[in-house]
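Let me begin by presenting the structure, written as structure tokens, before commenting on it.
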Amino acid sequence: MMTTTAMKSLSDVIKERHSVRKYDPNFKISRQEIEEILGEAISAPSSSNLQPWRFIVFDDQNTKKELREIANNQEQVETSSAVIAVLADKEMYRNIERVYRSANEAGYMDEANMERLIKSANSTYPHASEEIRKNIAFFDTGLVSMQIMLLAKAKDYDTVPMGGFDKAKFSQRFAVPERYEPVVLIALGKAAAPAFKTTRIPLKEVLEYK
């Protein structure tokens, strides 16, 4: 395992990360390493710092076989070392008190600012429609998901994000509470074959200055 000081530059990691669909089924990543990746990934920004994400890690082979059926029979679900399901918390407002009081206790904000932020968040998020909260949570889970994939690549592991799965069946089979919605499955492991190379639309076609 690479130490933090030995890790590649961010630019190298970004360039080397590709979506891998062929994995070595005999290669296993420990739960400790997965938790290290997730522990760093949750430093991702989120709306009002409410951190509307939850994770389910699938590393049991029999359970991954079941998950493969739900995920349109995608081979990488079964052959990767683990699959990380990222869930969006549509009721992120339930985190308000905990998040800001924790920041106060850590010395990051004083009592007055804590109370002001709690009041502001409580006047906004609980009264927003579920659709608005869902959009916020989906955006934020995208941020944390990208960090998971980059951190994995920094450790020389490979990933692929999968949005193509039956979310209703997933929630039913794995008893996901209604407040959470599955967003993406991220296969994690060691490539058994190179990823397909891809191109990008030139920057000049997607950039403008005002």
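Computed from a prediction, not measured in an experiment: that's the story for all the values here. Reckoned from all heavy atoms, side chains included, excluding hydrogens, waters and symmetry mates.
Contact annotation: the side chain of Glu40 never approaches that of Gln147 to less than 4.5 Å [non-hydrogen atoms, C-beta and beyond]. Taking 4.5 Å as the limit, some side-chain heavy atom of Asn122 sits within range of a side-chain heavy atom of Glu97.
Other members of the hydrophobic cluster containing Phe139, listed by chain and number, are Leu143; membership follows side-chain contacts under 4.5 Å among ILVMFWY residues, whether direct or relayed.
The local environment of NZ in Lys28 is crowded, with over 12 non-hydrogen atoms from other residues, nucleotides or ligands closer than 6.0 Å. Shown here is Gln61, whose CD atom has more than 12 heavy atoms of other residues, nucleotides or ligands within 6.0 Å. Residue Lys15 qualifies as open at atom NZ: its count of foreign heavy atoms under 6.0 Å is 12 or below. Within 6.0 Å of CG in Leu207 there are more than 12 heavy atoms belonging to other residues, nucleotides or ligands. Around CD of Glu16, the count of heavy atoms belonging to other residues, nucleotides or ligands within 6.0 Å exceeds 12.
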Per-pair distances, 0.1 Å, donor-acceptor, side chain in residues 103-118, under 3.5 Å, sequence neighbours excluded:
from	atom 1	to	atom 2	distance (Å)
Asn104	ND2	Met109	O	3.1
Asp110	OD1	Ala112	N	3.3
Asp110	OD1	Asn113	N	2.8
Asp110	OD1	Asn113	ND2	3.4
Asn113	OD1	Arg116	NE	3.2
Asn113	OD1	Arg116	NH2	3.0

In residues 182-198, what donor-acceptor pairs under 3.5 Å come from side-chain atoms, sequence neighbours left out?
from	atom 1	to	atom 2	distance (Å)
Lys190	NZ	Asp156	O	2.7
Thr198	OG1	Arg200	NH1	2.9

Using atom types as modelled, flag every donor-acceptor pair under 3.5 Å from a side chain in residues 50-59 to any protein atom, sequence neighbours excluded.
from	atom 1	to	atom 2	distance (Å)
Gln51	NE2	Asn49	O	3.0
Gln51	NE2	Asn49	OD1	3.3
Asp59	OD1	Arg31	NH2	3.1
Asp59	OD2	Arg31	NE	2.7
Asp59	OD2	Arg31	NH2	3.4

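Identified under the salt bridge (charged side-chain N to carboxylate O under 4.0 Å, His left out) test for residues 66-75, with sequence neighbours left out: Lys22-Glu75, Glu66-Arg173, Arg68-Glu78.
In this structure, Lys134 forms a cation-pi arrangement with Phe138, its terminal cationic atom sitting closer than 6.0 Å to the ring centre and no more than 45° off the ring axis.
Asp140 pairs by the salt bridge (charged side-chain N to carboxylate O under 4.0 Å, His left out) definition with nothing, not counting sequence neighbours.
Side-chain N/O atoms of Glu33 and Tyr157 include a donor and acceptor closer than 3.5 Å.
A ring-centre distance under 6.0 Å is not found for Tyr23 and Phe27.
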